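For reference, the structure is listed below as structure tokens.
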Amino acid sequence: VDGNGRAARALFYWSLLAQGYWLFEYVSISRILREAPAQYGESYLHSETDENDITYFIIYQLEVITRAINDLEKYLQRKMEQIRVVQKILKDSPDLNHRQIALLSHAIRHPGAEYSIRSHQVSHNIAYATARADLFQLADNDLLIRRRLGKRGLTFVSPSTLEARLRKLGRKK
């Protein structure tokens with residue numbers, strides 16, 4: 001009974017994506033509809049009581065889409081500001097080299113990402129000892145989480161709280 005709305009939204013998204021409106025992959029109208037279910041139902045009722053004129057429903061849906069796009073824009077602005085602040089902290093940190101800054105720039109955008117000494121070595125074309133020192137320094141400064149894999153393997157994980165940890169590092173300087 002309740003699946004018609006979800007199916008209609010799935011078709012709506014499919015249609016937009018198929019026509020090249022790729023940004024709608026990141027737009028959520030379901031959340032907005034859940035926040036005000038009475039208004040959603042009201043848009044149906046107006047249509048049913050006015051000789052099935054769906055103008056009310058279309059206007060409401062366009063308002064929902066506009067709000068969803070505005071919410072996405074606000075989210076992207078917040079994220080861009082966060083990245084700008086973090087990039088400034090990284091750039092102004094004298095204790096970090098360019099390889100560590102590159103790794104942290106990636107890590108801030110990918111919480112939970114895992115890095116190994118070997119992957120760092122290969123991505124920057126550096127010696128094993130240099131890669132190891134870079135990663136150990138980041139772990140010692142609480143910017144990466146060091147984990148042991150098996151008997152001899154190590155991995156370094158980007159924490160979900162990396163931004164806060166970087167801000168804390170920035171306040172220390």
Side-chain angles (χ1 to χ4, degrees), residues 1-93 100-116 119 123 138-139 141-147 149 155-172:
V1 173
D2 190 34
N4 289 339
R6 283 190 294 269
R9 283 191 296 282
L11 288 171
F12 165 76
Y13 282 120
W14 173 82
S15 175
L16 286 170
L17 295 172
Q19 294 177 54
Y21 293 96
W22 60 267
L23 191 60
F24 272 86
E25 184 176 342
Y26 306 100
V27 173
S28 173
I29 60 174
S30 297
R31 179 186 50 78
I32 294 169
L33 294 174
R34 274 193 309 270
E35 289 174 359
Q39 290 175 339
Y40 183 65
E42 202 173 287
S43 70
Y44 274 117
L45 288 176
H46 284 306
S47 296
E48 289 176 353
T49 58
D50 193 9
E51 298 179 8
N52 291 323
D53 180 357
I54 62 168
T55 304
Y56 304 102
F57 182 74
I58 291 172
I59 289 171
Y60 176 71
Q61 291 301 316
L62 290 173
E63 289 169 356
V64 167
I65 291 168
T66 300
R67 184 171 160 207
I69 291 170
N70 290 337
D71 287 353
L72 175 62
E73 183 179 6
K74 289 175 192 170
Y75 169 79
L76 292 173
Q77 287 172 347
R78 275 193 323 274
K79 293 309 275 181
M80 287 185 329
E81 177 60 17
Q82 288 172 337
I83 289 171
R84 187 191 64 73
V85 167
V86 168
Q87 292 289 358
K88 182 172 178 2
I89 291 168
L90 290 172
K91 187 181 117 226
D92 294 344
S93 181
Q100 291 168 318
I101 290 171
L103 185 140
L104 290 172
S105 294
H106 181 270
I108 196 73
R109 293 186 310 274
H110 301 92
E114 294 185 10
Y115 306 93
S116 68
S119 69
S123 67
L138 292 174
N141 285 325
D142 201 31
L143 297 175
L144 293 178
I145 299 167
R146 183 177 16 217
R147 290 195 182 138
L149 294 176
T155 188
F156 298 82
V157 180
S158 170
S160 60
T161 58
L162 181 57
E163 181 185 343
R165 293 175 186 209
L166 285 167
R167 286 178 187 270
K168 184 177 173 184
L169 177 73
R171 286 192 296 270
K172 287 181 183 179

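Predicted, not measured: the structure shown is a model, and the values here were computed from it. When reading the values below, keep in mind they use all heavy atoms of this one structure, side chains included, and skip hydrogens, waters and symmetry mates.
- Distance alone, capped at 3.5 Å, places no donor-acceptor pair between the N141 side chain and the L143 backbone.
- Ring geometry for F24 versus F12: interplanar angle over 60°, hence perpendicular rather than tilted (30 to 60°).
- In summary, the side chains of Q82 and K79 do present a donor paired with an acceptor at a separation below 3.5 Å, with no hydrogens or angles considered.
- Pairing each heavy atom of P111 with each of S160, the nearest pair is CB-CA, 4.1 Å.
- A distance-only check finds a donor-acceptor pair linking the side chain of Q19 to the backbone of S15 [under 3.5 Å].
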Practice problem: May I have the step-by-step check of salt bridge (Lys or Arg N to Asp or Glu O under 4.0 Å) for E35 and R31, ending in yes or no? | Solution: CA-CA 6 Å; E35 289 174 359; R31 179 186 50 78; 3.0 Å; yes
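- Within the model, atoms CD1 of I145 and CD of E114 stand 10.5 Å from one another, a figure rounded to the nearest 0.5 Å.
- In this structure, the separation between CZ on R165 and CG on L138 is 12.0 Å, given to the nearest 0.5 Å.
- A donor-acceptor contact shorter than 3.5 Å is absent between the side chain of T161 and the backbone of A164.
- When all heavy atoms of S158 and L144 are compared, the closest pair comes out as CA-CD2, 4.0 Å.
- Note that the OH atom of Y115 and the CG atom of L103 stand 5.0 Å from one another [nearest 0.5 Å].
- With sequence neighbours excluded, the residues satisfying side chain to side chain donor-acceptor pair (under 3.5 Å) with S105 are Q87.
- Across all their heavy atoms, S28 and Y13 have their closest contact at CA-OH, 3.5 Å.
- Using bins of under 30°, 30° to 60° and over 60° for the plane-to-plane angle, the ring pair H46/Y56 lands in the tilted bin.
- The distance from the CG atom of L16 to the CG atom of L11 is 11.0 Å, given to the nearest 0.5 Å.
- When only modelled atom types and interatomic distance are considered, S43 and Q39 share no side-chain donor-acceptor pair under 3.5 Å.
- For the pair E63 and R67, the salt-bridge criterion is not met [side-chain N within less than 4.0 Å of a carboxylate O].
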Quiz prompt | Evaluation steps, salt bridge (Lys or Arg N to Asp or Glu O under 4.0 Å), between E81 and R78 | solution = CA-CA 5 Å; E81 177 60 17; R78 275 193 323 274; over 6 Å; no
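- For Y26 against L72, the heavy-atom pair with the smallest separation is O-CD1, 3.7 Å.
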